[in-house]
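Atoms within each ligand, like the ligands themselves, are counted from 1 in listed order. Computed over heavy atoms, backbone and side chain alike; hydrogens, waters and symmetry mates excluded.
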Amino acid sequence: MNSGQRAKEHLFLGLDSSTQSLKACVIDARLNVVHEAAVNFDADLPEFGTEGGVHRHPDGLTVTSPPLMWVAALDLLLERLRQAGCPAGRIAAVSGSGQQHGSVWLKAEARAALRGLDPARPLRAQLEGVFSVPESPVWMDSSTGPQCAERERALGGAQALAELTGSRAYERFTGNQIAKIYQTAPERYAATDRIALVSSFMASLWVGDYAPIDAADGSGMNLMNLRAKDWAPAALECTAPELRRRLGPIMPSHAVVGKVHRYYVERWGFAGHGLVIAFSGDNPCSLAGLRLLRPGETAISLGTSDTIFASLAEPRPSATEGHVFANPVDPEGYMALLCHKNGSLTREHVRNECAGGSWDTFNALLARTPPGNEGRIGFYLREPEITPPILRTGTFRFDGQDRPVERFPPEADVRAVVEGQFLSMRLHSGRIGLRPARILATGGASTNRAIVKVMADVFGAPVDAGEQPNSAAVGAAYRALHGWRCAEQGAFVRFEKALTAPARVARAAEPDRAAHWLYSAMLERYAALEKTVSGG
Ligand code: XUL
């Protein structure tokens, strides 16, 4: 068999360690998904007592998960993959995706335990005692308000911190979590030899040693110099002492971080030469899974909250909106991520109020009104918004002369909620440098053609739709393939060269020039009215 044929036989494993589950996706070199398996933390590991994979603490702010649960889940997942008939011996490389920002705290004993993993015993029994903090803070935690304020002050304010690290201080970001643990449990901090992210911790289990943090997930910590892709000394210093040693190095996301440990070879039948490629965050992995490669290629996920993320060439981090991360497949590039709290639930509320709960009626009403809504603009805030930060809730309607009005006709409300959401996305993503050239719509509402048409017109970009379930796990598998190809070539290979099969998406909407022009003209008014609504 020649090397080309051999490459065709190879499989690549992507893992996704999300809040609620651990999933595996195995692809072949033609990018077909050939095996999948999943472990649901609540249902499959009930002894950890999680709800939705987390423990919510009585203060209403602290949210944690037991890292030992993630360890236990890995063996269970591998058992399920075996039952699904996956030939582990053909897996040439493994990579992974982890929920962002969460941290795993390891005592000095952890390193020896990882190195000496015994194939005869489950992981859980061998790693029980290695955590200096038994409950890992996760991204849903919002208990670090004081540390965010302190660290922003120490680093010259929110904009300065955003320019340095890609984001202003966010409560879930790891640096602020580390400052809290150092301040409130100094003995635990002192007992910690390594602080890993969820992603790098899961990679550690595979290499049987501490695995480095990758630059893309490292960008979610408020600790990394976004442009240098290395720790920012000032950010480390104002967080906790001797932090650099505890964090270890940062590596590019396509780097090989080691070989599959003997544990997986002898217990689960993996090949001893199998490579482990740096694990990364779930949003960076989704960017890879959706193959948003060129600057401006954007995904808009219309889910419970609406998320927009994209590849970016020139980062413009902002103190008021969004995040800029290092790009997981292009060491020179960046990605932007913005999350709007008022997504599907808000659209559904307007559908229920104005369209009797029917999407068909909602769409018919949308079709009955012209783009631009005759100048009407509405803000529909069912929940306090995070992009931009608006604490008040309610509906705020304005006529074509910017005068507040009590009511709109139902069809105008329907158009105003959809237009308002996309205008807000365009306004705020534009402020961190995003100019969508092509949009991939995902998530529940992405199948709604009427909504997707407004998206195309507001952004002036064509919209493709194509469901990519488990985009983070698929993205991790693509990254495993990418890292493996780079290692094989002994040089960086462009991601699109490593992924030879075409993406399966279909055009859902083309932008209309006149409508786009109208929305561009509306944007300034929208921004001014948003200021009024937010009280800014
Ligand atoms: C991103 C974030 C979430 C988690 C979810 O900043 O906090 O999307 O990554 O797992």
- Taking every heavy atom of R392 against every heavy atom of V533, the minimum-distance pair comes out as NH1-O, 2.6 Å
- Task: Identify, by atom number and element, the atoms of ligand 1 in contact range of H101, meaning under 4.0 Å from any of its heavy atoms.
- Result: 1 (C), 2 (C), 6 (O), 7 (O)
- atom 5 (C) of ligand 1 has as its nearest protein heavy atom D282 OD2, 3.2 Å
- Item | H482 ring center near F12 ring center (under 6.0 Å) | no
- Query: Short N/O distance, under 3.5 Å, between R172 and ligand 1?
  - Reply: yes
- Please tell me if the side chains of S534 and L391 come closer than 4.5 Å, counting only heavy atoms from C-beta onward. no
- Message: For F48, I'd like to know if atom CZ has over 12 heavy atoms of other residues, nucleotides or ligands within 6.0 Å.
- Response: yes
- Message: Within the 4.0 Å heavy-atom shell around Q99, which atoms of ligand 1 are there?
- Response: 10 (O)
- Message: Quick check with a 6.0 Å cut-off and a 45 degree axis cone: is R246 positioned over the face of Y189's six-membered ring?
- Response: yes
- Region of N283 that comes within reach of ligand 1 [heavy atoms, distance under 4.0 Å]: side chain
